Amino acid sequence: MTRENIERELDKLTLELARVKMMDEQQACEFCNSDSKAEAVECYETEIALYKMQLEELDEEEAREESDGLDPAFSSWSQVLGMFYKL
C-alpha cells in the first residue's frame with residue numbers, strides 16, 4: 001500500500017471515529033454493526049493505530065534508503081572509517 005493510500009485511509013478512519021463519538025449508543029451500534037459504542041470506538045482506534053504504524057515503518061524505510069547504507073548510529077562514512085583507519 002502506498003503512503004498516499006495509507007494517509008487517505010487514515011484520514012477517512014479519523015473522520016469516521018469522530019462521527020461515531022458524536023453518535024448516541026444506538027446510532028453507533030447501527031452504523032458500525034457493533035454490540036456497543038465503546039466496541040465501535042475501540043475498533044476504529046485499533047485500525048487507526050495500525051495505519052499509523054504502517055506510516056512509521058514507511059518513514060523508517062525511506063530514512064534507511066536516504067542514508068546510502070550508513071548505519072544511523074554514525075553521522076558520516078568518515079566516522080565509520082575512522083574506527084578502522086587514522087584519518
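Since the model is a prediction, treat every value here as computed from it, not as a measurement. If you read the sequence from its start, that first residue is 1, and numbering goes on from there.
- Distance check: Leu13 CG to Leu17 CG gives 8.5 Å after rounding to the nearest 0.5 Å.
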Report, one line per pair, each donor and acceptor closer than 3.5 Å where one atom sits in a side chain of residues 47-55; sequence neighbours left out.
none

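- One hydrophobic cluster, built from ILVMFWY side chains closer than 4.5 Å, cannot hold both Leu10 and Leu15; they sit in different ones.
- For the atom pair SG of Cys32 and CD of Glu39, the computed distance is 9.0 Å after rounding to the nearest 0.5 Å.
- Sequence neighbours left out, the pairs with a member in residues 26-37 that pass side-chain hydrogen bond (donor to acceptor under 3.5 Å, both in side chains) are Gln26-Glu30.
- The list of salt bridge (charged side-chain N to carboxylate O under 4.0 Å, His left out) pairs with a residue in residues 4-28, not counting sequence neighbours, reads Arg3-Glu7, Glu4-Arg8, Glu9-Lys12, Lys21-Glu45.
- Looking at residues two or more places apart in sequence or on another chain, you find no side chain to side chain donor-acceptor pair (under 3.5 Å) involving Thr46.
- Grouping Ile, Leu, Val, Met, Phe, Trp and Tyr by side-chain contacts under 4.5 Å, direct or through others, leaves Met22 on its own.
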